[in-house]
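Quick notes on the structure that follows.
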Amino acid sequence: MALNTSPEAPVPVGQVSRLIGGWIDRLGAVWVEGQITQISRRPGAGVVFLTLRDPAHDVSLSVTCYRAVFDRVADVVSEGARVVLHAKPEWYAPRGQLSLRAAEIRPVGVGELLARLEQLKKSLAAEGLFAAGRKRPLPFLPQLIGLVCGRASAAERDVLENARHRWPAVRFEVRNVPVQGVHAVPRVIEAVEELDKAPDVDVIIVARGGGSVEDLLPFSDERLVRSVAACRTPVVSAIGHEPDSPLLDLVADLRASTPTDAAKRVVPDVGEELTRVRQLRERALRCVTAHLDREERGLASVRARPSVQRPQRMVEEREAQVGALTDRARRTLGHLLDRADSELSHTHARVVALSPAATLRRGYAVLQHADGSVVRDAAEVSAEEELRARVAEGEFTVRPVTGSVTDSVTGSVTGPAVGPPA
């Protein structure tokens, strides 16, 4: 129940402490899981003092237990180990201190840890944090590399030496942090986020040497995995050896089997690149030379053609063809004209032979009335009518003579005689 207090009626410290102790006593014994960060075993003391920390949150509690309880697990429990203990919360009223009195301590087995990691892995994969589409490509030649590793560790030495051996001009921004234990996760997250915010850092390498499953647990922490997934800078995971596979390997943009492999994957080898450049230059030279040789052969083949060596020959051949066609056309046209002239001459001769003029030249004459009509019947001519007689070489006027004329052949009367005018 809440206390009724006021500035005029305050509660003494001892009473508050006793009340808190009473509330805590009512909690009863509980099973608690955490990571042991400190073990204090004083010689001759019958009590062992532990510090139990929540790996996912920055919360710690003091734990006490009898030496007999701790001795049962002393061979398998050390600082950094995960344990499950059965303890009762206790309140030490004189100092206002909360602690847990452990009656049983059970180490968390590797199989159980791996099962929990597998469950966390499936949960994060379902969120898409391990998807291949999220992976960012590494720069070909990073100018500044961020390195997160343990202080004076073999992983740091392997990365720096191999990278500078491959490309001496490469620069590093190193962040030395704890890579195992209770402080590893927050310090690694802090270093990664700091390097990610640096504008000059092109890629971040998180490196650590080999170790047991418990030693590598910080690199499977959910907070670290989410922090790396949120980075804008490409991250390379180089944790442990080839068989080790913390969750950081899955969320990183590139997984290296070892720190040495990370240096080789991130930094190109200057010797290999120079060799590749030389090979490419030689290949380009061969291609250009082969192309020039092919073009020269083609040009020589073109220049060897008769049309190129003596270009006027084509004009001369065409001139001869034009001359031959012109002569042929002239002969054809001459034949046509000669045939037409012959036909015209024959037609003219026939026309002349059949024309009235030819009849007139044989001594005949054509009589015409004054209006130009031809006299075809003697009855058409009246007495004293002047007629025009047309002969081969001109015409003259005649007048019919009174009386009739007898045809010398038939003896019939043909009409009045016609004679010259009086």
Side-chain angles (χ1 to χ4, degrees), residues 1-110 112-113 115-116 119-120 177-178 180-190 214-215 217-218 220-224 226-227:
M1 297 175 61
L3 297 177
N4 294 322
T5 61
S6 66
E8 292 76 16
V11 178
V13 174
Q15 183 180 352
V16 172
S17 181
R18 286 193 300 273
L19 290 173
I20 293 175
W23 293 332
I24 292 176
D25 285 339
R26 288 195 293 269
L27 289 177
V30 293
W31 287 97
V32 183
E33 180 186 356
Q35 185 178 22
I36 297 177
T37 62
Q38 186 178 4
I39 302 176
S40 178
R41 302 177 65 182
R42 298 173 184 175
V47 178
V48 178
F49 297 91
L50 310 173
T51 300
L52 191 66
R53 181 179 181 276
D54 187 343
H57 302 87
D58 193 13
V59 178
S60 298
L61 284 176
S62 297
V63 179
T64 60
C65 66
Y66 292 111
R67 180 179 292 273
V69 174
F70 185 79
D71 287 344
R72 287 196 290 267
V73 294
D75 295 336
V76 293
V77 170
S78 60
E79 291 185 359
R82 294 281 189 102
V83 295
V84 174
L85 51 87
H86 190 243
K88 184 180 183 304
E90 290 184 347
W91 179 258
Y92 186 62
R95 294 185 182 177
Q97 240 178 356
L98 176 66
S99 64
L100 298 175
R101 171 71 68 171
E104 182 182 354
I105 300 176
R106 296 181 182 179
V108 177
V110 175
E112 186 176 354
L113 289 176
R116 294 180 183 180
Q119 184 178 2
L120 178 60
V177 297
Q180 69 182 55
V182 295
H183 302 292
V185 174
R187 294 292 301 277
V188 172
I189 293 176
E190 180 183 354
E214 293 85 351
D215 294 337
L217 281 179
S220 293
D221 188 88
E222 181 178 358
R223 292 174 297 165
L224 177 59
R226 293 188 182 277
S227 176

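We number each residue from 1, following the sequence as shown.
- Between L217 and R82 there is a side-chain heavy-atom pair separated by less than 4.5 Å.
- S220 places none of its side-chain heavy atoms less than 4.5 Å from the side chain of L120.
- Of all heavy-atom pairs between L100 and P89, the closest is CD2-CA, 3.8 Å.
- To the nearest 0.5 Å, atoms CD (Q35) and CG (D54) are separated by 9.5 Å.
- Taking both residues in full, the closest heavy atoms of T37 and R53 are given as CG2-CB, 3.5 Å, listed atom of the first, atom of the second, then distance.
- Across all their heavy atoms, A87 and A102 have their closest contact at CB-CA, 3.7 Å.
- A 4.5 Å side-chain heavy-atom check between I105 and F70 finds at least one atom pair inside the cut-off.
- If you take CD on E190 and NE2 on H183, they are separated by 12.5 Å, rounding to the nearest 0.5 Å.
- Atom CG of residue L85 and atom CZ of residue R101 lie 12.5 Å apart, to the nearest 0.5 angstrom.
- Proximity of R41 to D71: side-chain heavy atoms (C-beta onward) are separated by under 4.5 Å at one or more points.
- The two residues I36 and S78 come nearest to each other via the heavy atoms CB-O, 4.1 Å.
- No donor-acceptor distance shorter than 3.5 angstrom exists from the side chain of W91 to the backbone of D25, with no hydrogens or angles considered.
- By the 6.0 Å contact criterion, NE2 on H86 is enclosed, its count of non-hydrogen atoms from other residues, nucleotides or ligands being greater than 12.
- Checked by atom type and distance alone, the side chain of R67 pairs as donor or acceptor with a backbone atom of A45 at under 3.5 Å.
- At least one side-chain heavy atom of P218 sits under 4.5 Å from a side-chain heavy atom of V185.
- Annotation: side chain of S62 is not in contact with side chain of F49 (no heavy-atom distance under 4.5 Å).
- Interatomic distance, CG of L52 versus OG of S99, reported as 12.0 Å (0.5 Å rounding).
- Between atom CG of residue D221 and atom CZ of residue R226 there is a gap of 10.5 Å, rounded to the nearest 0.5 Å.
- Interatomic distance, OH of Y66 versus CZ of R72, reported as 12.5 Å (0.5 Å rounding).
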